[in-house]
There are 2 protein chains.
Amino acid sequence: MELRTLRYFVAVAEELHFSRAAARLGISQPPLSQQIKALEEELGGRLLVRTNRRVALTAAGELFLDEAREVLARAERASRLVSRIGRGESGQLRIGFTTSVPLTPLLPRTLTHYRQRYPDVDLRMHELNSQRQINPLLEGDLDIGIMRPATLPPELSAFTLIREPLVAVVNAQSELGASDTPLSLAELATQPFVYFSPAAGTGLLDQFNVLFAQRGLTPRLVQEVGGPNTIISLVASGLGVSLLPESFRHIHIDNVRYRPISDADARSEVWLTHPRHHLTPQAQHFIQIVCEAIAG
Amino acid sequence: MELRTLRYFVAVAEELHFSRAAARLGISQPPLSQQIKALEEELGGRLLVRTNRRVALTAAGELFLDEAREVLARAERASRLVSRIGRGESGQLRIGFTTSVPLTPLLPRTLTHYRQRYPDVDLRMHELNSQRQINPLLEGDLDIGIMRPATLPPELSAFTLIREPLVAVVNAQSELGASDTPLSLAELATQPFVYFSPAAGTGLLDQFNVLFAQRGLTPRLVQEVGGPNTIISLVASGLGVSLLPESFRHIHIDNVRYRPISDADARSEVWLTHPRHHLTPQAQHFIQIVCEAIAG
DNA sequence: GTTTTTGATATCCTGAAGATATCATTCAGG
DNA sequence: CCTGAATGATATCTTCAGGATATCAAAAAC
């Protein structure tokens, strides 16, 4: 018994006329008669009574009609569900993002567009630092990562979403907090530093180290912390200075002042990272929309 | 998409191994791979990830697995339901019977056996006089009729279940009620008669008329009634005598006495009647069991 | 009685499903 | 790093079920 057989039977049961049913099915009448006959033989019972040039359903046929319709409807539904997932109109999209990402308008705007265009996709946002996005991306637990620059395994691919300057984070009461003018990394490095611990897993730490090392500077770290909000709080309390991407300017805290950095290479990026192959359609659509948001 | 495709997919999803799944399905591996590939193309989405020599289900695949199992289970169920009806193990059996039939042990015994052997058949008993069984039998509203002799249209076929003598029904207080010895039809015909009206539709009336006519007798009908119980009641009240099959001896009513008839041809029959063709399996089984009960 | 309708039957053909052989990739183990 | 086993994909051929065409048979309509 195949779905085709059921479709044929339902057509005959609905038309109660082999020739019309065959026409509706787009086949000729003889094979239809044969298929129904074969179905009855397989089931071991009559489904239709052909008598007095009239076709009628038996009791078994009535029952089987209901069941057949149900089976066909479920099969149809299964097919549609998967098709929708396959076309990215449904299913799931799991995105990892770092703390700083929601501070820029790009991600919120993209999410809004995506949700409008694909309202049936179950969108799951996971706040994770850059390092902690890598394994989930490799293992298929995350479809897309939005992160700071990091060294990626070859299975992952990335492109830059945002380029932004770094800014000095200084206490407003301190010496450096007296002005808003650009500051050099060298000047900043004279102060005690508050920064991420390696365990925080952010790509910013690597950048930070490289920037100062290139200039032969070794800032004195007075406190290693886990997240950017802690950095800003500790700067507010006067513990030291720090260096963060410009996005964090959006965080206004008393006694904290942001000053531009005059060094041209003191810049950071936000990456969109994804498995190099095996991109889900949902992820493809999301990337499409991000790119439109950047371009437009 | 066909049920075969779903069976193949479920096998692969359960084994997570194409070769093993193919072995389980009794086909070779290449066609299985092709079928799954074709299924994915038809659905427009990946169901399985073949990576690192390991096969895994995608999210869509997980969903489709559930759906496919459901569809297969329902198809299986539909098939089993109809098979059971086709084999007569389930479904419906509608039997018509006349008032006198339950008085003999044959029908109750047969019904008990039938119910034991086919407990899932929905057995519907309809008390109907012989005439009123004919149309339902012709139109398929009744599968089997158990009735008194009647003239049947050619589409119906019948055989005799029971042969029994007729007995005189007399009032115990009356002249004829004084003895239990056999009585002749001629003697009985001297008395006022209580009998069925033609509208009652019983085959007994025809027999009654023939029996007396053959002997040149014309009993005086004092009352025409609709059913045998009324006959016996009226005989009990002294209105007249009557003539009924021996089965009615089982009805014991004060002041009613049954006396044998000495005429050898004063006998009646109970027929099992059914459509000559189109016997349902349920009806066939019932007839089988009736015949066993008669033989045994 | 003749014609029309309609499902069944007979026969042939096509294409999809399956078999066999082979390839490509990957991972295990030395 | 190399070799061989494991495993899914690909290529090609074969077979048979499903379908088409032609025809028949029975019943109903005129």
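What you see is a predicted model, and the numbers here were worked out from it, not measured in a lab. Naming convention: chains lettered A, B, ... in sequence-line order (proteins, then strands); numbering from 1 in each chain. For the numbers below, each heavy atom of this structure counts, side chains included, while hydrogens, waters and symmetry mates do not.
Put simply, CD on A:Glu2 is 8 Å from P on D:dG18, counting in whole angstrom units. Rounded to whole Å, the distance from CZ on B:Arg4 to C1' on C:dG18 is 10 Å. The interatomic distance linking B:Gln35 (CD) with C:dA17 (P) rounds to 5 Å, in whole Å. Here C:dA17 presents its P atom at 11 Å from CG of B:Leu39, a figure rounded to the nearest Å. Between the CG atom of B:Leu32 and the C1' atom of D:dG8 there is a distance of 10 Å, given to the nearest Å. The separation between A:Leu25 atom CG and D:dG18 atom C1' is 13 Å, rounded to whole Å. To the nearest angstrom, P of D:dG19 lies 11 Å from CD1 of A:Ile36. B:Gln34 has its CD atom 16 Å from the C1' atom of D:dT7, to the nearest Å.
Counting heavy atoms from C-beta on, the side chains of A:Leu128 and A:Thr98 never come closer than 4.5 Å. With contacts defined as side-chain heavy-atom distances shorter than 4.5 Å, the pair B:Pro275/B:Leu138 does not qualify. Counting heavy atoms from C-beta on, the side chains of A:Ile27 and A:Leu32 come closer than 4.5 Å.
Of the listed nucleotides (D:dT21, C:dA19, D:dT10), D:dT21 has the atom at the smallest distance from the side chain of A:Ser28.
Atom CZ of A:Arg132 has 12 or fewer heavy atoms from other residues, nucleotides or ligands within 6.0 Å.
OP1 or OP2 of D:dG8 has not a single side-chain nitrogen or oxygen of B:Lys37 nearer than 4.0 Å.
Ring-centre distance between A:His285 and A:Tyr118: below the 6.0 Å cut-off.
Looking at A:Glu269 and A:Thr160, their side chains do bring a donor and an acceptor atom within 3.5 Å of each other.
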Dump the pairs, protein N or O against N or O of nucleotides 5-7 of chain C, anything under 3.5 Å, distances to one decimal.
from: C:dT5; atom 1: O4'; to: A:Arg53; atom 2: NH2; distance (Å): 3.4
from: C:dT5; atom 1: O2; to: A:Arg53; atom 2: NH2; distance (Å): 2.4
from: C:dT6; atom 1: OP1; to: A:His17; atom 2: NE2; distance (Å): 3.3
from: C:dT6; atom 1: O5'; to: A:His17; atom 2: NE2; distance (Å): 3.4
from: C:dG7; atom 1: OP1; to: A:Phe18; atom 2: N; distance (Å): 3.3
from: C:dG7; atom 1: OP2; to: A:Phe18; atom 2: N; distance (Å): 3.2
from: C:dG7; atom 1: OP2; to: A:Ser19; atom 2: N; distance (Å): 3.1
from: C:dG7; atom 1: OP2; to: A:Ser19; atom 2: OG; distance (Å): 3.2

